[in-house]
Amino acid sequence: MEKDRKYPILRNLCYLIRATKQGCAKLLVFCPLIILVNCLVPVITSFLPKVIIDEISGGSPLGRLLAVTGCLAFALAGAAALQKYLDRLIYWNKFKMNAFFLRLITRKGLTTDYRNQEDEHFRTLQDESFASCNGNFSHYARTYDALVRFLSDLMGFLAFGAILVTLNPLLILFLALTTAAGFFLDCRISLWLEKNTDEKAGYERRMRYVVQAADDTRAAKDIRLYSMAAWLNGIYEENLKKLLGWYRRYTAKLFGAAAAGSAIALIRETVAYAYLLHLALEGKISAADFVLYFNVVAGFSAWLGSLLGQITDLERLNHAINRFRSYLEYPESYLREKGKPIESASAPKKLEMRHVSFRYGEDGPDVIHDLSLTLEPGEHLAVVGLNGAGKTTLVKLVCGLTEASEGAVLYDGTDIREYDRDGWYRLFGAVFQDHSILPVTIAEIVAEEEEGSIDRERAEKCLRQAGLWEKISSLPEGMRTRYGKAFWDDGIDLSGGEIQKLLLARALYRQSPIVVLDEPTAALDPVSENRLYETYDEIMQGKTTVFISHRLASTRFCRRIVLIENGRILEEGAHEELLARKGRYYELFETQAKYYREAPGEGAVLP
Ligand code: ADP
């Protein structure tokens with residue numbers, strides 16, 4: 001499925017209008033109001049001198065002159081005040097819209113298919129989308145502003161065009177052509193910038209690296225011992241020189257374009273004003289009309305120049321909105337409520353991996369290759385292998401976090417892709433090496449529910465089974481103690497081993513039929529890991545359990561051990577059988593055991 005959205009501007013504008021309707025409908029009222037006022041202020045300003053001159057030259061009495069001038073000045077002041085007031089309201093409401101989009105981005109990040117979170121492209125879009133919603137200069141806010149300015153410019157252009165057309169349509173053509181010429185000069189600068197920005201960013205990045213290295217205490221030792229200061233200095237100097245060269249070229253281009261633009265503007269205004277002067281001297285227009293057209297000529301070019309600028313801005317922003325929508329609409333393939341329902345409290349069923357291959361990215365190498373494995377209901381299985389063998393990937397496939405590139409994972413004979421994925425996740429009590437614990441009460445962590453709905457007896461039983469009850473019951477608040485000293489003044493922190501026990505209690509509370517333990521004990525020493533795994537083995541009786549470890553001694557207790565290497569099952573059997581086979585398992589076990597035997601002061605030694 002296409003991952004990058006390429007909607008045309010109009011479609012994206014409609015999308016933003018729909019989102020505004022949902023997030024802050026008031027902005028849709030403010031938008032036409034401010035456009036009207038933006039256009040009204042210059043129109044009144046242009047007409048004001050003409051009206052006054054007309055009144056004076058028409059011999060109007062002073063009272064009428066004052067009344068007319070007062071009315072126009074009052075209208076102008078009112079419009080300007082309304083403009084400021086609307087600006088303030090819009091400014092604030094754009095923040096609300098940013099928050100609206102931020103909520104959409106967060107929800108997408110929290111609920112997207114897990115495999116998207118591992119997709120580099122998705123993560124780039126996610127980072128960009130979060131960054132784009134920051135402050136009031138988000139893509140949304142900038143598009144809103146550009147659209148308001150575009151429509152204001154369009155109205156002003158039409159209004160001033162209508163005034164000029166009564167004078168001479170050719171004058172409009174002349175003004176339009178010269179303004180467009182100036183605009184294209186500006187475009188050349190933008191194009192040059194677009195082409196050369198990467199070059200500048202490269203110089204800046206390398207200079208920044210040197211500046212950061214100078215401030216990095218970890219790098220300080222190497223810099224001194226390996227005399228890297230001169231080398232780093234050289235890099236800085238060289239890049240600074242190149243950067244200055246870049247700016248020299250840029251300012252030359254900028255100056256050239258500005259000079260040419262000014263020359264065009266000068267010709268435009270000289271010709272236009274000379275023409276107006278000629279008409280006035282010939283008596284074809286009154287002095288009042290001369291003043292009006294004088295203002296309108298300048299205004300017309302300004303409206304048109306700005307209008308063309310907004311089109312370019314909107315085009316640029318459209319690209320950013322497309323990136324943003326690519327993130328929000330990133331394809332999701334897991335079935336949720338439309339999937340087959342699954343009972344999480346049921347007894348475990350047969351779990352089977354059938355000829356499963358998996359690769360990260362479409363053309364990456366096979367991380368799991370044609371792997372078949374069956375877990376009978378309630379069976380305890382150990383999966384061992386060196387780091388990088390594919391153990392965690394295998395767990396992610398079994399848990400349905402990611403999906404097989406080929407083959408299938410079946411549960412109770414059904415491809416797990418057919419199940420409601422959220423229901424499928426509830427089948428698992430998992431403890432991973434990289435866990436996350438929220439700063440809530442101990443009971444809430446264990447039960448993953450709010451205080452009011454927790455089965456406290458069950459939570460206590462799980463904490464007892466996990467071996468953490470003694471510690472928790474000794475705290476003045478017991479299970480109501482809040483976790484996280486950094487978050488709560490009266491919160492507690494737990495040691496690495498205690499955290500593992502807490503996570504185990506959480507996995508137990510779930511009463512799920514399948515438990516996966518993916519090296520949650522890796523931070524412990526091998527002996528403690530072995531002891532903890534044996535405890536888990538006892539507690540998990542009746543549940544299908546997968547123990548993962550890269551330390552072969554930790555899972556010796558399992559009746560069935562699978563050794564994987566390069567994503568394939570190399571050997572399979574009980575510990576003693578595998579040792580007796582004197583194959584790869586034996587070799588790895590001996591190497592690891594030798595290491596432990598040789599390590600002095602490590603306490604107990606394996607095997
Ligand atoms: P183990 O758990 O046995 O240490 P993993 O399953 O984590 O092994 O990794 C198996 C292989 O897949 C390794 O070569 C690793 O570099 C690669 N790998 C793991 N995660 C990713 C990822 N998100 N993107 C690309 N490659 C990955």
Side-chain angles (χ1 to χ4, degrees), residues 3 109-110 112-127 327 330-334 351 353 355-373 375 381-407 409 416 428 430-436 500 503 507 514-524 526 529-530 532-533 536 545-556 558 560-572 578 583-585 587-589 591-592 595:
K3 288 178 178 171
L110 286 173
T112 189
D113 291 355
Y114 176 81
R115 68 169 173 193
N116 285 347
Q117 286 289 9
E118 287 192 330
D119 180 338
E120 204 51 47
H121 185 50
F122 178 83
R123 296 198 69 85
T124 308
L125 291 173
Q126 190 174 35
D127 288 347
Y327 168 70
Y330 211 77
E332 308 280 347
S333 60
Y334 297 177
L351 183 62
M353 293 181 84
H355 298 293
V356 170
S357 292
F358 176 81
R359 54 198 82 95
Y360 289 99
E362 272 152 31
D363 41 10
D366 273 11
V367 170
I368 297 289
H369 183 77
D370 194 21
L371 191 142
S372 294
L373 184 68
L375 272 127
L381 173 84
V383 178
V384 296
L386 293 178
N387 284 334
K391 305 181 293 298
T392 299
T393 308
L394 187 135
V395 163
K396 285 193 283 195
L397 284 162
V398 168
C399 292
L401 289 169
T402 194
E403 290 196 338
S405 309
E406 276 128 39
V409 180
I416 64 167
F428 287 85
V431 188
F432 294 108
Q433 196 173 332
D434 41 353
H435 51 260
S436 65
Q500 301 307 340
L503 293 172
I514 311 171
V515 176
V516 174
L517 303 161
D518 183 9
E519 305 210 59
T521 47
L524 305 180
E529 182 183 65
N530 175 248
L532 214 60
Y533 262 15
Y536 289 3
T545 309
V546 183
F547 296 88
I548 306 278
S549 183
H550 68 279
R551 294 193 285 220
L552 277 56
S554 303
T555 51
R556 309 182 277 181
C558 256
R560 189 165 157 230
I561 300 168
V562 165
L563 170 72
I564 64 167
E565 205 163 273
N566 299 325
R568 296 160 208 251
I569 296 180
L570 216 62
E571 289 170 18
E572 192 177 339
L578 288 167
R584 182 77 174 133
Y585 183 90
E587 196 184 302
L588 289 176
F589 187 80
T591 314
Q592 291 184 353
Y595 168 73

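Please read all numbers here as calculations on a predicted model, not as lab measurements. Order of listing sets the numbers, starting from 1, for every ligand and every atom in it.
With salt bridges taken as basic N to acidic carboxylate O contacts below 4.0 Å, one links Arg359 and Glu406. Salt bridge status for Lys3 with Asp119: present, with a side-chain N to carboxylate O gap under 4.0 Å. Salt-bridge check for Glu587 with Arg584: passed, with a basic side-chain N closer than 4.0 Å to an acidic carboxylate O.
Looking at atom 11 (C) of ligand 1, its nearest protein heavy atom turns out to be Val367 CG1, 3.5 Å. In this structure, atom 26 (N) of ligand 1 lies nearest to the protein heavy atom Tyr360 CD1, 3.3 Å. With respect to atom 7 (O) of ligand 1, the closest heavy atom belonging to the protein is Thr392 CB, 3.7 Å. Ranking protein heavy atoms by distance to atom 8 (O) of ligand 1, first place goes to Gly390 N, 3.2 Å. Regarding atom 4 (O) of ligand 1, its nearest protein heavy-atom neighbour is Gly388 N, 2.7 Å. The protein heavy atom nearest to atom 5 (P) of ligand 1 is Thr393 OG1, 3.6 Å.
Within the structure, ligand 1 has Leu386 among the residues with a heavy atom less than 4.0 angstrom away. Contact analysis puts Ala389 in contact with ligand 1, with a non-hydrogen atom separation below 4.0 angstrom.
With a heavy-atom cut-off of 4.0 Å, Leu394 does not touch ligand 1 at all.
Taking every non-hydrogen atom of Lys391 and a distance limit under 4.0 Å, the qualifying atoms of ligand 1 come out as 1 (P), 2 (O), 3 (O), 4 (O), 6 (O), 8 (O). Of all atoms in ligand 1, numbered sequentially from 1 with element shown, those under 4.0 Å from a heavy atom of Asn387 are 4 (O).
With contacts defined as side-chain heavy-atom distances shorter than 4.5 Å, the pair Lys391/Ser549 does not qualify.
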* Pair Tyr327-Phe122, ring-ring contact (aromatic ring centres under 6.0 Å, His included): steps then yes or no -> CA-CA 7 Å; Tyr327 168 70; Phe122 178 83; 5.1 Å; yes
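Side-chain contact check for Ser357 and Asp370: no donor-acceptor pair (N or O, by modelled atom type) lies under 3.5 Å. Glu118 and Thr402 share no donor-acceptor pair across their side chains, judged by distance under 3.5 Å alone.
Protein non-hydrogen atoms do not reach within 4.0 Å of atom 15 (C) of ligand 1.
With respect to Thr545, the side-chain contact (heavy atoms from CB on, under 4.5 Å) criterion is satisfied by exactly one of Val515, Val516, Leu375: Val515.
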